[in-house]
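Each remark here refers to the structure printed beneath this line.
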Amino acid sequence: CHCAPTLEFDDVTAVWESNAVMRALCYQAGEKGESLYPSDPILRAKLDMALDWRQTSMYTKLCK
């Protein structure tokens with residue numbers, strides 16, 4: 001948890017990790033966030049697959 005980026009909400013709760021921040025911003029954007037993080041379950045699953053790969057596979061190779 002490198003703690004950056006961090007998104008702090010009005011109620012003082014916070015979300016960190018880039019993928020979680022991205023999803024939270026898309027949810028908050030409502031319909032406008034649909035183009036970045038679609039509500040279609042198949043498209044969302046494909047995007048989540050790429051985001052998960054980025055977090056778990058790509059970073060481990062960069063940090064060696």
Side-chain angles (χ1 to χ4, degrees):
C1 292
H2 299 282
C3 297
T6 300
L7 177 63
E8 188 174 315
F9 297 97
D10 292 337
D11 67 356
V12 193
T13 58
V15 174
W16 60 90
E17 295 298 343
S18 55
N19 293 340
V21 168
M22 184 276 307
R23 288 180 185 112
L25 291 172
C26 287
Y27 292 144
Q28 285 186 320
E31 206 172 289
K32 291 180 181 179
E34 176 76 18
S35 65
L36 297 172
Y37 195 60
S39 60
D40 175 87
I42 301 300
L43 292 175
R44 184 173 280 187
K46 289 180 178 182
L47 183 55
D48 286 339
M49 182 175 61
L51 292 170
D52 291 346
W53 171 82
R54 178 183 159 272
Q55 283 297 105
T56 60
S57 298
M58 187 176 86
Y59 280 162
T60 60
K61 291 175 180 32
L62 292 174
C63 296
K64 288 184 178 182

Side chain to side chain donor-acceptor pair (under 3.5 Å) pairs, two or more places apart, involving residues 25-36: Glu34-Ser39
Suppose clustering is done on Ile, Leu, Val, Met, Phe, Trp and Tyr with side-chain heavy atoms closer than 4.5 Å. Which residues sit in the same group as Leu25? Leu7, Phe9, Val15, Val21
Does some side-chain heavy atom of Thr6 sit less than 4.5 Å from a side-chain heavy atom of Glu17? no
Got a sec, which residues hit side-chain hydrogen bond (donor to acceptor under 3.5 Å, both in side chains) with Asp11, two or more places apart in sequence or on another chain? Thr13
Sequence neighbours excluded, which residues qualify as side-chain hydrogen bond (donor to acceptor under 3.5 Å, both in side chains) partners of Asp52? none
Within residues 41-51 or reaching into it, pairs that qualify as salt bridge (charged side-chain N to carboxylate O under 4.0 Å, His left out) - sequence neighbours excluded: Arg23-Asp48
In Å, rounded to the nearest 0.5 Å, how long is the span from CG of Leu47 to CG of Asn19? 8.5 Å
Residues clustered with Leu43, ILVMFWY side-chain links under 4.5 angstrom: none
